[in-house]
Structures are given as C-alpha cells and as structure tokens.
Protein chains: 2
Amino acid sequence: MSKKTDRADVLPGTLDMLILKTLTITPMHGYGIAQHIQQVSREAIQVEEGSLYPSLQRMQVKGWLTSEWSQSPTGRRARYYRLTAAGKKQLGAEVADFRKAIEAIQRVIQAV
Amino acid sequence: MSKKTDRADVLPGTLDMLILKTLTITPMHGYGIAQHIQQVSREAIQVEEGSLYPSLQRMQVKGWLTSEWSQSPTGRRARYYRLTAAGKKQLGAEVADFRKAIEAIQRVIQAV
DNA sequence: AATCAATACATAGCTAATCTATGTGTAGTC
DNA sequence: GACTACACATAGATTAGCTATGTATTGATT
C-alpha cells in the first residue's frame with residue numbers, strides 16, 4: 001500500500017519550520033508540538049515521532065533550540081524545548097524561502 | 001558551503017509535478033523542460049541535470065511518460081518526452097495534494 | 001488487581017529524492 | 001582550432017522522513 005493520502009510527509013523540508021513556528025507560542029514538549037501542528041493543520045499534518053525527535057535534536061545541535069526536563073501538566077516528566085534567538089532568525093529565513101518557493105512553483109503549475 | 005539561497009532544491013517532492021505540468025504544453029526534450037521551468041519560475045527554480053534525467057526515467061517506468069529519439073530544432077538528436085493519460089491523471093493528483101499541503105502549512109505558520 | 005489507552009521520549013535501520021561531480025558527444029561561433 | 005551552448009546519462013553522497021521498536025508513566029476501565 002502506498003497510502004498517497006497519508007497525512008504525514010506533507011512537504012518534505014518544511015518540518016523544521018513548523019516546529020520552530022509552534023515554539024514561538026511558548027516553550028513546549030515534543031508530544032505537545034506534534035499535537036499542536038496536527039490540530040492547527042486540521043489533521044492534515046501528522047508529525048511522526050520518528051521524524052519529530054530527530055528533528056528536535058538536529059535543531060538543538062544547530063543552536064536553534066534549547067531544552068530542559070520539566071513536569072508536564074499531567075504530572076509526567078517531559079523535555080521542554082525553547083526557541084533561541086538564532087532559532088527565531090532561522091524561522092524568518094525559512095518562512096521567506098518557503099513563500100518564494102511556492103510562488104515559483106505556482107507560476108509553473110498555473111502557466112498556460 | 002551550504003548555499004541556502006541556492007535556486008535549486010526549492011521544495012523537494014515537487015519536481016515530478018513541475019515536469020509533468022511542463023509536458024502538458026507539448027512534448028519536449030529534457031534540456032527544454034529544464035529551460036522552461038527555469039524561465040517560467042523567473043529563475044527561481046533551476047532544474048539540475050542530475051535531478052532531471054533520473055526523474056524522467058522514474059516517471060517513464062511508472063508509465064507517466066513515453067519518449068522517443070528525435071531531432072531538436074537545432075539539428076541535434078534529443079529524446080522527446082510525452083505525457084501519457086496516466087501522467088495527466090498523476091499531475092492532477094499531485095497538484096491537488098500540493099494545494100492541500102500548502103494550505104495546511106500556511107495554517108500553521110500563520111497561526112497566532 | 002489487571003488491563004488498556006494515552007502520554008512521553010528515543011533510536012536503529014530503511015527508503016527515496018535530490019544534489020554534486022563526472023563523463024560522453026554534437027553544433028555553431030569566433 | 002577553441003570555446004560555448006546544447007543534450008543525455010550515471011555514480012556516489014547526503015539528507016529527511018518513515019517504519020518499527022523499545023522504554024516508561026498516568027489514568028481509566030473492567
């Protein structure tokens with residue numbers, strides 16, 4: 001089964017941007033980030049755990065995020081991620097690039 | 001060098017769609033397809049040869065394209081690619097998926 | 001008390017797409 | 001004769017995201 005209509009894998013290369021954007025709201029733990037993206041996208045995007053945690057780690061290494069263990073509202077331990085200044089800057093760049101990219105693609109697919 | 005502002009690599013997963021769309025105009029050879037996408041996108045998208053030819057081969061295997069050797073207007077031999085009915089159908093599906101995907105992403109990046 | 005669903009993190013291994021780099025060869029121009 | 005643009009092709013590397021799996025905790029249901 002190829003499952004073309006899968007909710008995940010929406011547009012490769014955009015996951016980091018979605019996570020960074022979500023963290024502009026407030027520091028959040030991984031599971032919460034995934035839930036948020038899923039809800040705001042109206043179930044169109046499902047962030048798989050096997051994509052989420054590696055991405056969070058990559059972005060920490062790049063200095064876009066910091067994290068610390070803390071208590072989630074449900075009393076469970078959870079690692080909370082916080083956007084850094086570099087992360088905010090990166091988000092701005094990625095959003096700008098994304099807009100340029102979809103404009104360019106739409107020029108092609110709307111061409112006569 | 002990472003060259004973030006590179007014109008290529010615009011949005012992974014969209015190359016097939018751009019090629020299929022280009023071939024709705026008329027059968028074209030590989031080099032011509034690349035030129036067309038580059039021009040219509042106003043130089044925002046540059047299709048690398050190392051991406052183009054493998055993609056054309058994949059899509060032929062999937063039955064979305066057929067091809068034959070022919071003469072280009074400049075008198076050189078060139079392989080002309082033609083969209084099949086399956087290719088047209090695939091293009092429609094990809095465009096629909098693309099629109100849904102960018103809508104979902106924009107909901108996330110425009111969220112308050 | 002036992003079981004199950006939801007919450008929460010993490011990693012190994014695979015696949016697929018695209019890139020870089022390289023190679024071949026032709027036609028036209030300077 | 002050299003150079004540029006045209007034209008196709010493949011090998012190898014990189015990267016992102018997936019599937020699958022494992023651990024552990026909390027709260028609800030039976």
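Reminder, nothing fancy here: chain letters follow the sequence lines and each chain counts from 1.
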> Minimum heavy-atom separation for B:I109 to A:K21, with atom names?
Replying inline: O-CE, 3.4 Å
>> Would you say A:S72 places a side-chain N or O within less than 4.0 Å of OP1 or OP2 belonging to C:dA8?
In response: yes
> Over how many whole Å does the gap from B:Q71 atom CD to C:dT26 atom C1' extend?
Replying inline: 11 Å
>> The criterion is side chain to side chain contact (heavy atoms under 4.5 Å, CB included); which residues satisfy it with B:Q57, sequence neighbours excluded?
In response: none
>> Can you measure A:I33 atom CD1 to C:dA8 atom P for me and round it to whole angstrom units?
In response: 12 Å
>> Could you tell me how far apart B:E48 (CD) and D:dT10 (P) are, to the nearest whole angstrom?
In response: 18 Å
>> Looking at every non-hydrogen atom in both residues, tell me the closest pair between A:L11 and B:P12 and how far apart they are.
In response: CD2-O, 4.5 Å
>> With clusters defined by side-chain heavy atoms of hydrophobic residues (ILVMFWY) lying less than 4.5 Å apart, directly or transitively, does B:L83 cluster with B:V95?
In response: yes
>> Looking at C:dA8, I'd like to know if its phosphate oxygens (OP1 or OP2) sit under 4.0 Å from a side-chain N or O belonging to A:R76.
In response: yes
> What is the distance, rounded to the nearest whole Å, between atom CD of A:E94 and atom P of D:dA16?
Replying inline: 10 Å
> Contact class for B:R58 vs. all strands (heavy atom < 4.0 Å): base, sugar-phosphate, or nothing?
Replying inline: base
>> In this structure, how many angstroms lie between the P atom of D:dA5 and the CD atom of B:Q38, rounded?
In response: 13 Å
> Within the structure, does a side-chain N or O atom of B:T74 lie under 4.0 Å from either OP1 or OP2 of D:dA7?
Replying inline: yes
>> Would you say that B:Q46 contacts B:E48 through its side chain, given a criterion of any heavy-atom pair below 4.5 Å between the two side chains?
In response: yes
> Given atom CG of A:L56 and atom C1' of D:dA16, what is their separation to the nearest angstrom?
Replying inline: 14 Å
Hey, what are the protein-to-nucleotides 9-11 of chain C N/O distances that come in under 3.5 Å?
from, atom 1, to, atom 2, distance (Å)
C:dC9, OP1, A:R79, N, 2.9
C:dC9, OP1, A:R79, O, 3.2
C:dC9, OP2, A:G30, N, 3.2
C:dC9, OP2, A:Y31, N, 2.7
C:dC9, OP2, A:Y53, OH, 2.8
C:dC9, N4, A:E49, OE1, 3.4
C:dC9, N4, A:E49, OE2, 3.3
C:dA10, OP1, A:R79, NE, 3.3
C:dA10, OP2, A:Y81, OH, 3.4
C:dT11, OP2, A:Q57, OE1, 3.3
C:dT11, OP2, A:Q57, NE2, 2.7

> Residues in side chain to side chain contact (heavy atoms under 4.5 Å, CB included) with B:A86, at least two apart?
Replying inline: B:W64, B:T84
> Heavy atoms under 4.0 Å, any strand shown: does A:S67 hit a base, just sugar-phosphate, or nothing?
Replying inline: nothing
